[in-house]
Amino acid sequence: MRHWLMKSEPATYSIDDLAKKNVPDMWEGCRNYTVRNFIRDQMSIGDLAFFYHSSCAMPGIVGIMEIVSEAFADPTQFDPKSHYFDPKSPLDNPRWFARNVSLVERWPTPVTLSDLRGEPLLAGMGVLQRGQRLSVMPVTDEEWKLVSQIGQAKSAAV
DNA sequence: GCCAACGTTGGC
DNA sequence: GCCAACGTTGGC
């Protein structure tokens with residue numbers, strides 16, 4: 001099993017939006033080829049991912065999701081009304097892929113970006129690297145364990 | 001709103 | 001295939 005970090009702007013789609021569904025939801029709208037390859041080729045059903053809130057007052061990891069489907073063509077690329085519409089993506093050879101995800105844990109007390117930066121053992125994490133902008137990226141087993149512990153401890157302490 | 005970093009586009 | 005221009009990301 002692999003581990004991931006997946007970013008979303010909470011103003012667009014937050015962990016509360018996912019929690020409200022009570023069923024798996026589609027992780028859509030990725031429009032970067034590196035991210036596309038992760039989603040299409042590297043993820044597996046059963047993989048776990050951190051849900052990361054970006055571009056907001058308190059950026060950080062707000063919970064855990066599970067990948068629950070194979071990759072499928074992201075329908076928003078074919079929808080002219082969608083913000084994610086891509087007129088150059090051929091119907092018979094889609095450029096962009098999505099997966100369904102389901103909520104595993106929502107952390108009432110997030111592990112903030114500054115929490116992550118404050119932990120020397122996490123200095124190598126992709127999300128902390130200067131200039132990295134991928135909205136989906138792999139997380140090592142060690143990083144996963146440590147961040148999960150921090151997240152669960154912070155949220156249990158409330 | 002600023003700006004650094006990076007990906008994508010398109011002219012050549 | 002090069003590379004400048006442009007657009008986007010995302011923290012601050």
Side-chain angles (χ1 to χ4, degrees), chain A residues 2-20 25-43 47-65 67 71-101 103-140 142-144 146-155:
Chain A
R2 302 187 65 173
H3 295 111
W4 304 93
L5 181 144
M6 300 170 74
K7 295 182 192 171
S8 181
E9 301 186 12
T12 303
Y13 184 81
S14 74
I15 195 163
D16 291 323
D17 294 322
L18 175 58
K20 265 185 268 174
D25 202 4
M26 183 171 66
W27 197 271
E28 65 190 24
C30 296
R31 296 292 183 267
N32 166 285
Y33 287 101
T34 302
V35 170
R36 187 275 307 270
N37 293 344
F38 284 144
I39 291 172
R40 188 187 57 184
D41 307 329
Q42 304 291 316
M43 282 182 172
D47 283 0
L48 296 176
F50 290 132
F51 194 133
Y52 181 93
H53 281 176
S54 66
S55 293
C56 55
M58 187 74 82
I61 295 169
V62 292
I64 294 175
M65 333 179 251
I67 307 302
F72 52 89
D74 181 344
T76 63
Q77 71 196 302
F78 302 125
D79 177 3
K81 294 190 299 272
S82 170
H83 177 248
Y84 301 116
F85 179 53
D86 181 356
K88 293 182 185 165
S89 181
L91 257 172
D92 56 355
N93 184 24
R95 278 190 188 181
W96 309 116
F97 288 79
R99 295 253 183 182
N100 290 332
V101 298
L103 182 65
V104 176
E105 288 177 11
R106 180 184 166 281
W107 294 342
T109 309
V111 177
T112 65
L113 182 58
S114 93
D115 290 337
L116 297 173
R117 289 200 197 284
E119 173 49 71
L121 292 171
L122 297 175
M125 263 190 107
V127 73
L128 302 182
Q129 304 314 304
R130 181 181 180 79
Q132 77 69 33
R133 303 178 315 173
L134 298 178
S135 64
V136 173
M137 67 187 84
V139 171
T140 70
E142 293 73 20
E143 291 161 355
W144 181 269
L146 182 51
V147 175
S148 300
Q149 283 167 11
I150 297 170
Q152 286 154 5
K154 281 190 82 174
S155 289

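Basis for what follows: all heavy atoms, side chains included, without hydrogens, waters or symmetry-related copies. Each chain gets a letter, A, B and so on, in the order its sequence line appears, and its residues count up from 1. Worth saying up front: this structure is predicted, and the values here are computed from it rather than measured.
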Report summary line: Separation of dT8(C) atom P from Asp86(A) atom CG, nearest Å, is 13 Å

Requested in this report: Establish, with yes or no, whether the OP1 or OP2 oxygen of dG11(C) is under 4.0 angstrom from a side-chain nitrogen or oxygen of Tyr52(A).
Outcome: yes

**Report entry** Between P of dG7(B) and OH of Tyr33(A), the distance in whole Å
**Finding:** 14 Å

Query raised in the report: Hey, is the side chain of Arg133(A) poking within less than 4.0 Å of OP1 or OP2 on dG10(C), counting only N and O atoms?
Result: no

Report task. Using atom NE2 of His53(A) as one end and atom C1' of dT9(C) as the other, report the distance to the nearest whole Å. Result -> 17 Å

Requested in this report: Please report, rounded to the nearest Å, how far the P atom of dT8(C) is from the CG atom of Asn32(A).
Outcome: 13 Å

Query raised in the report: For the ring pair Phe51(A) and Trp4(A), is the centre-to-centre distance below 6.0 Å?
Result: no

Query raised in the report: Can you check the His83(A) NE2 to dT8(C) P distance for me, whole Å?
Result: 8 Å

Query raised in the report: Do Gln77(A) and Arg95(A) have a side chain donor and acceptor closer than 3.5 Å?
Result: no

Report task. May I ask you to verify if any side-chain N or O of Lys7(A) is less than 4.0 angstrom from the OP1 or OP2 atom of dT9(C)? Result -> no

Query raised in the report: Given the rule in the side-chain contact (heavy atoms from CB on, under 4.5 Å) test, do Leu146(A) and Met125(A) qualify, once you have shown the distances and angles that lead to the verdict?
Result: CA-CA 11 Å; Leu146(A) 182 51; Met125(A) 263 190 107; over 6 Å; no

Query - Passing option when Asp74(A) is tested against Arg36(A), Arg99(A), Arg31(A), Arg40(A) for salt bridge (Lys or Arg N to Asp or Glu O under 4.0 Å) - result: Arg31(A)

Query raised in the report: So does Lys88(A) get a side-chain nitrogen or oxygen closer than 4.0 Å to the phosphate oxygens (OP1/OP2) of dT8(B)?
Result: no

Query - Nearest listed nucleotide, side chain of Arg130(A), among dG7(B), dG10(C), dA5(B) - result: dA5(B)

Query raised in the report: Rounding to a whole Å, what distance do you find between Leu134(A):CG and dT8(C):P?
Result: 17 Å

Requested in this report: Take the protein atom CZ of Arg31(A) and the nucleotide atom P of dT8(B), then report the distance between them rounded to whole Å.
Outcome: 13 Å

Query raised in the report: Whole-Å distance between dG10(C) C1' and Met58(A) CE?
Result: 16 Å

